[in-house]
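First comes the structure, then the notes that go with it.
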Amino acid sequence: MVKKKPHSENADGGTLHSADDAGKVAPVDFIRRIVIEDLAVGKNDGRVHTRWPPEPNGYIHIGHAKTVLLNCWIAQEFGGKFNLRFDDTNPEKESVEYVESIIEDVRWLGIDWEDRLFYASDYFEQLYQWAEELIRSGDAYICDLSPEEISERRGKAIREGDMVITPPGKESPHRDRSVEENLDLFRRMRAGEFPDGARTLRAKIDMTHPNLNMRDPVMYRILRTTHHRTGGEWSIYPTYDWTHGQSDSIEGITHSICTLEFENHRPLYDWYLDRLGIHHPQQIELARLNLSYTVLSKRKLLQLVEKGCVGNWNDPRMPTIAGLRRRGYTPEAIRDFVGRIGVTKAESTVDIALLEHCLRQDLNRSAPRVMGVLDPLKVVITNYPEGRTEELDAINNPEDERAGTRQVPFSDVLYIEREDFCEDPPKRFYRLSPGREVRLRYAYFITCTDVIKDSTGKIIELRCTYDEATRGGDSPDGRKVKATLHWVSAAHAIDAAVRLYDRLFTQENPLDVAEGGDWLDSLNPNSLQTLTNCKLEPSLGGAKPGEIYQFERKGYFCVDPDSKDGQPVFNRTVTLRDTWAKIKQKHEKR
RNA sequence: UAGGGCGUAGCCAAGCGGUAAGGCAGCGGCCUUUGGAGCCGUGAUCGGAGGUUCGAAUCCUCCCGCCCUAACCA
């Protein structure tokens, strides 16, 4: 029996529901439904034990976040356990760098595996013993065929005109070796007597099976490579199929959740466990996450890194957890996102706008507000006493009273955003323009009196007057202004570099390429724009890497680790919703 | 082609025979010392065709489309 009863039958319809953090009632997905039903019939003695099995062959991305979190949450919700296990059976592609990054990223997502961090390589000896067992029972044999020959005989697809034919498989000529010979050869494979690829251990199943995975799959290959954990101990390595189910079994996993592409492997997963007669977890497959305007495949992400399209795995444009973190994404936002996208078997591509929505929602309530001018335009307040400075009160976070207030210095020379001024304003532009009055946030109403240009006609300075009576930003006479601008006092400003990031691809589905094209063709050439002359309010002087601020009216910005003392570098995490940009865009299209 | 899956609004996704939840995006409006946030309003007959039924997105049949596998990768 389960102590807690987080899921219950709905009184009116029999629909299963679960309560989330906010106490709202959320429908239960098909996986949780299976778990609930298993619990109801007393399967696994009422235990729920999940695991997440990454291969350490790259950095994990937001798609992985979906499956780790799902596994972790299911364990939590049903009072079960969750393991983190590295599926490290291919030493050629794996490394400790990847192991370490994955551990860091999974932990950052807020996942706790307690003391259950495992490696498939922990089970190599047991796996080997089980392999000998299958040899003895006549269920496995040593095959001397080359990869090409094996593929050929397994029933490689053949093209006949427009038709693709999958012929039945042909048995290996080595299929009927004696147990003794098989055992001898297998031991010599282990001892390193044969060159890489010379032989394999294969399961003896059925070469005519309609599921190609059941046509005598390879269990072991000779690979005399150093493994990041077992070093030179092994000359043979088990394949994924031979490793995965048994690793689950050893750990007492009850529900082995994986992505759809492994659905075809399930019969084999079951076959091995049944032959061995050991604890048999249930494999359940769900659709992997796809996100618009990006790619979620370690292989593709590796290419972006290797070809120099991005700085590294943790480039803020990457959908990797490390990249998102550096960009300024929070674990909360990612968890919220994962909780919203659902769990199904339907192939889907989630709009990246939903991820950004989750981010904004989290940052809106947590990020302190500051003022920063990205593209400064000098403003001189002609009627403000030269050399005078006053401190004005500013609210740190209107969404959170506890965040308090701070003081911002004001003086006669300021910077405002260049795009907040327009000499000849179009219809719905209601920021500053000649003769017009606007509010400087938390400061005064100002009116533009003069526009000063250089010899090329470029505006280099504005002259304005201020209304002393509007200190703090309200006019005693009740007159209104249509716009409020952010600003920074020139004498007090600190200089900063700001990196403006945009989506990495211009195409909604980068993998949808035209004939003769390449998926890299839709890389966004403007995915990174660096500004070096930004002016920030002085309170940002001590900002530390990783901190996230809202630059009022501009967006959220995260301090990059590249920052040096007195030379902060900010990454734009995401812009604020910008209705003016939409209006402008519509006008320009006309 | 074989085998395995999937198909509910632009994008996710509830629904499990009783007459289409919710979120994101979009659009319109209210409010506003961030054109931010917030608030209100706004869209579908369920891939198609038949059938069963008083009644079907939900059951049956056929058809169509998309995805996966055809690695000594995972």
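To find a chain, count down the sequence lines: A is the first, B the second, and so on, and within it residues start at 1. Please read these numbers as outputs of a predicted model, since none were measured by experiment.
- In this model, no donor atom of one side chain and acceptor atom of the other lie less than 3.5 Å apart for A/Thr405 and A/Asp393.
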Would you tabulate the pairs of protein nitrogen or oxygen atoms and nucleotide nitrogen or oxygen atoms of nucleotides 7-11 of chain B closer than 3.5 angstrom?
from, atom 1, to, atom 2, distance (Å)
B/C11, O3', A/Thr349, O, 3.1
B/C11, O2', A/Thr349, O, 2.7
B/C11, O2', A/Asp351, N, 3.3

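- Taking the P atom of each, B/A21 and B/A57 are spaced 13 Å apart, rounded to whole Å.
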Show each protein N/O and nucleotides 41-47 of chain B N/O combination with a separation under 3.5 Å, one pair to a line.
none

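- When the P atom is compared between B/C12 and B/C67, the two are found 14 Å apart, to the nearest whole Å.
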Close N/O contacts between protein and nucleotides 63-69 of chain B (under 3.5 Å):
from, atom 1, to, atom 2, distance (Å)
B/C68, O2, A/Asn264, ND2, 3.4
B/U69, O4', A/Asn264, ND2, 3.1

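- Listed nucleotides B/U34, B/G4, B/A37 differ in distance to A/Pro398; the shortest reach to its side chain belongs to B/U34.
- Applying the salt bridge (Lys or Arg N to Asp or Glu O under 4.0 Å) test to A/Asp362 and every residue at least two apart in sequence or in another chain returns A/Arg365.
- Only the P atoms considered, B/A20 is 29 Å distant from B/C27, to the nearest whole Å.
- Partners of A/Arg428 according to the salt bridge (Lys or Arg N to Asp or Glu O under 4.0 Å) rule, which considers only residues two or more places apart in sequence or in another chain, do not exist here.
- Taking the side chain of A/Pro210 as heavy atoms from C-beta on, and the options B/A74, B/G3, B/A37, the nearest nucleotide is B/G3.
- Pairs of residues two or more places apart, or lying in two chains, that qualify as salt bridge (Lys or Arg N to Asp or Glu O under 4.0 Å) and include a residue from residues 205-220 of chain A are A/Arg175-A/Asp216.
- Taking atom P in both B/C11 and B/A2, one finds a spacing of 30 Å when rounded to whole Å.
- The ring-ring contact (aromatic ring centres under 6.0 Å, His included) test applied to A/His265 returns A/Phe262, not counting sequence neighbours.
- Here A/Asp467 pairs with A/Arg479 under the salt bridge (Lys or Arg N to Asp or Glu O under 4.0 Å) rule; sequence neighbours left out.
- Listed nucleotides: B/U34, B/C24, B/G15. Nearest to the side chain of A/Arg33: B/G15.
- Evaluation of the salt bridge (Lys or Arg N to Asp or Glu O under 4.0 Å) rule for A/Arg436 yields no partner, not counting sequence neighbours.
- Both A/Val218 and A/Leu354 lie near RNA chain B, and the one whose nearest nucleotide falls closer to the 5' end is A/Leu354.
- Distance noted for atom C1' between B/C24 and B/C63: 34 Å (whole Å).
- Annotation for A/Lys300: atom NZ counts as buried by contact number, over 12 foreign heavy atoms lying within 6.0 Å.
- Partners of A/Phe429 by ring-ring contact (aromatic ring centres under 6.0 Å, His included), not counting sequence neighbours, listed by chain and number: A/Trp580.
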Polar atoms only, N or O, under 3.5 Å: list the protein pairs with nucleotides 27-29 of chain B and their distances.
none

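- Residues passing the side chain to side chain donor-acceptor pair (under 3.5 Å) test with A/Thr259 are A/Glu261, sequence neighbours excluded.
- Exactly one residue among A/Asp578, A/Thr575, A/Thr484, A/Asp420 makes a side chain to side chain donor-acceptor pair (under 3.5 Å) with A/Arg553. That residue is A/Asp420.
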